[in-house]
A.B. asks: 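The structure follows.
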Amino acid sequence: MRLLVLADSLAFHGPDGPLPADHAGLWPNIAAKALDGHVELAAGFGWTARDAWWSLTGDPRVWSLLPRTDVIVFAVGHMDTLPSPLPTYLRQGLRYLRPDGLRRWARTGYKAAQPALSRLLGGRPVALPPHLTVRYLADSVEAVHRLEPGIKPIGMVPSVHRSAAYGGVHTGRPAAVRAVRAWGERSGVPLLDVAAVVGDHVRSGRGNPDGMHWGWEGHELMGSAMADLVRSVAVSHSTE
């Protein structure tokens with residue numbers, strides 16, 4: 001079984017920080033091992049469904065992997081639901097500020113203000129509205145089907161968090177969950193309910209201290225759940 005995972009940092013961030021993509025404790029590698037298969041990971045910090053689309057359509061390495069892929073996992077949509085007090089283009093544009101001192105000052109100020117602004121604005125706007133999350137997921141699946149019709153897509157229902165960096169606010173999640181579930185049902189794309197798998201792990205504080213990412217227990221749970229879902233998709237595909 002050959003997997004391609006397009007993901008945010010939940011796929012490569014462990015209990016103490018980010019790790020190389022081939023680290024055995026990360027859930028994509030746990031899933032691949034359980035399937036006696038192989039996985040390739042294309043991911044980045046803060047990736048939304050839009051970033052996955054950009055990777056799929058703009059990264060030549062991802063193009064080269066598609067002919068050797070059986071299942072593509074769109075492990076995105078989680079960061080889409082987070083409060084984003086600044087518009088995405090301004091928030092991400094902070095990295096381009098010069099001189100260095102101005103950039104550090106601006107980023108420090110934004111990080112300090114973000115929790116209060118998230119609470120003040122009720123968690124809105126979010127990083128990516130649900131209708132755009134669904135649009136980019138749908139476009140991505142259609143593109144994959146056009147290029148490699150035999151690849152089976154899998155999506156995810158957004159995760160949960162208890163992050164102080166966002167003031168513990170996650171009011172944007174319910175609408176995203178409804179939109180993604182409706183899209184999955186319409187399109188026939190199986191979805192892994194991430195909150196059902198790691199919700200208790202996150203809410204109980206057993207994950208990363210940042211309240212967003214997971215500990216090794218969370219990665220084990222996710223890897224096992226993903227392997228089970230991939231098996232069911234493979235069995236369904238073989239009977240079509």
Side-chain angles (χ1 to χ4, degrees), residues 5-21 23 25-30 41 43-49 51-52 74-86 88 91-92 94-95 104 106-130 133 155-178 180 191-226:
V5 178
L6 303 180
D8 53 39
S9 57
L10 293 178
F12 63 85
H13 208 288
D16 300 312
L19 295 161
H23 191 286
L26 298 175
W27 73 257
N29 299 314
I30 293 171
L41 176 66
F45 290 104
W47 271 24
T48 64
D51 294 287
F74 293 97
V76 289
H78 316 292
M79 305 304 163
D80 308 37
T81 68
L82 297 179
S84 183
L86 276 184
T88 300
R91 174 170 45 82
Q92 295 187 346
L94 295 177
R95 72 183 75 178
R104 288 192 290 267
R107 292 184 71 173
T108 299
Y110 181 70
K111 287 181 178 179
Q114 183 174 262
L117 290 174
S118 296
R119 291 189 293 267
L120 179 66
L121 300 175
R124 296 177 175 81
V126 293
L128 194 67
T133 296
M156 287 190 175
V157 178
S159 185
V160 295
H161 79 82
R162 60 191 294 272
S163 175
Y166 296 94
V169 177
H170 207 182
T171 52
R173 182 176 179 272
V177 168
R178 290 192 296 270
V180 171
L191 302 175
L192 180 62
D193 188 342
V194 177
V197 177
V198 297
D200 182 64
H201 172 79
V202 173
R203 296 187 184 99
S204 66
R206 301 198 304 274
N208 187 291
D210 66 8
M212 175 76 63
H213 299 94
W214 310 327
W216 296 131
E217 176 197 31
H219 281 278
E220 287 281 355
L221 292 168
M222 272 293 296
S224 177
M226 180 56 69

A.B. asks: Under the ring pair (Phe, Tyr, Trp, His ring centres under 6.0 Å) rule, collect the residues that match up with F74, sequence neighbours excluded.
C.D. replies: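 Residues passing ring pair (Phe, Tyr, Trp, His ring centres under 6.0 Å) with F74: none at all.
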A.B. asks: S159: which residues meet the side chain to side chain donor-acceptor pair (under 3.5 Å) condition with it, sequence neighbours left out?
C.D. replies: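 Per chain and number, S159 pairs via side chain to side chain donor-acceptor pair (under 3.5 Å) with no residue.
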A.B. asks: Check step by step if side chain to side chain contact (heavy atoms under 4.5 Å, CB included) holds for D51 and V76.
C.D. replies: CA-CA 9 Å; D51 294 287; V76 289; over 6 Å; no
A.B. asks: Does P15 have any side-chain contact (heavy atoms from CB on, under 4.5 Å) partners at least two apart in sequence or in another chain, and if so, which?
C.D. replies: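 Checked P15 against side-chain contact (heavy atoms from CB on, under 4.5 Å); matches are W216.
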A.B. asks: According to the interplanar angle, ranging from 0 to 90°, do the rings of H213 and H13 count as parallel (below 30°), tilted (30 to 60°) or perpendicular (above 60°)?
C.D. replies: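 Geometry flag for H13 against H213: parallel rings.
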A.B. asks: If you take all heavy atoms of A52 and L6, which pair is closest and at what distance?
C.D. replies: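 So the minimum-distance heavy-atom pair works out to O-CD1, 3.9 Å.
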A.B. asks: Minimum heavy-atom separation for T133 to G77, with atom names?
C.D. replies: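 Minimum heavy-atom separation between T133 and G77: CG2-CA, 4.4 Å.
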A.B. asks: So which atom in R95 and which in Q92 form the shortest heavy-atom distance, rounded to 0.1 Å?
C.D. replies: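 In terms of heavy atoms, the two residues are closest at NE-O, 3.1 Å.
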A.B. asks: With sequence neighbours left out, write down each residue that passes ring pair (Phe, Tyr, Trp, His ring centres under 6.0 Å) with Y110, or none if nothing qualifies.
C.D. replies: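 So Y110 forms no ring pair (Phe, Tyr, Trp, His ring centres under 6.0 Å) with any residue.
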A.B. asks: Applying side-chain contact (heavy atoms from CB on, under 4.5 Å), name anything that partners A195, two or more places apart in sequence or on another chain.
C.D. replies: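 Partners of A195 under the side-chain contact (heavy atoms from CB on, under 4.5 Å) test: V160, R173, D193.
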A.B. asks: Could you state the interatomic distance from CG (D8) to CZ (F45), rounded to the nearest 0.5 Å?
C.D. replies: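 The CG atom of D8 sits 10.5 Å away from the CZ atom of F45.
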A.B. asks: Does H201 have any ring pair (Phe, Tyr, Trp, His ring centres under 6.0 Å) partners at least two apart in sequence or in another chain, and if so, which?
C.D. replies: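 Listed in chain order: nothing, the list is empty.
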A.B. asks: Using a 4.5 Å cut-off on heavy atoms from C-beta on, say whether the side chain of M212 contacts that of L82.
C.D. replies: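 They are in side-chain contact.
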A.B. asks: What's the spacing between M79 CE and L128 CG if we round to 0.5 Å?
C.D. replies: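 So the gap between those two atoms works out to 13.0 Å.
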A.B. asks: Rounded to the nearest 0.5 Å, what separation is found between the CE atom of M222 and the CG atom of L10?
C.D. replies: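 Separation between the atoms: 8.0 Å.
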A.B. asks: Would you be so kind as to tabulate the donor-acceptor pairs closer than 3.5 Å made by side chains of residues 117-126, with sequence neighbours excluded?
C.D. replies:
unit_1	atom_1	unit_2	atom_2	d
S118	OG	Q114	O	2.8
R124	NH1	G122	O	3.3

A.B. asks: Under the side-chain contact (heavy atoms from CB on, under 4.5 Å) rule, collect the residues that match up with I30, sequence neighbours excluded.
C.D. replies: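 Listed in chain order: H219, E220.
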A.B. asks: Apply side chain to side chain donor-acceptor pair (under 3.5 Å) to R91 and list each qualifying residue two or more places apart in sequence or on a separate chain.
C.D. replies: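 With sequence neighbours excluded, R91 shows a side chain to side chain donor-acceptor pair (under 3.5 Å) to S84, T88, given in chain and number order.
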A.B. asks: Identify the two heavy atoms, one from V180 and one from M156, that lie closest to each other, and give their separation to 0.1 Å.
C.D. replies: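 Taking V180 first and M156 second, the nearest heavy atoms are CG1-O, 3.5 Å.
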A.B. asks: Using side-chain contact (heavy atoms from CB on, under 4.5 Å) as the criterion, list what pairs up with A11, not counting sequence neighbours.
C.D. replies: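 Scan of A11 (side-chain contact (heavy atoms from CB on, under 4.5 Å), adjacent residues dropped) gives A7, W27, P28, L41.
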A.B. asks: Under the side chain to side chain donor-acceptor pair (under 3.5 Å) test, which residues partner R206, sequence neighbours left out?
C.D. replies: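 So R206 forms a side chain to side chain donor-acceptor pair (under 3.5 Å) with D200, S204, E217.
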A.B. asks: Could you check whether any side-chain heavy atom of L19 comes within less than 4.5 Å of a side-chain heavy atom of L26, counting everything from C-beta outward?
C.D. replies: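 A side-chain contact under 4.5 Å exists here.
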A.B. asks: Side chain to side chain donor-acceptor pair (under 3.5 Å) with H170: which residues, sequence neighbours excluded?
C.D. replies: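 If we apply the side chain to side chain donor-acceptor pair (under 3.5 Å) test to H170, skipping adjacent residues, the hits are T81.
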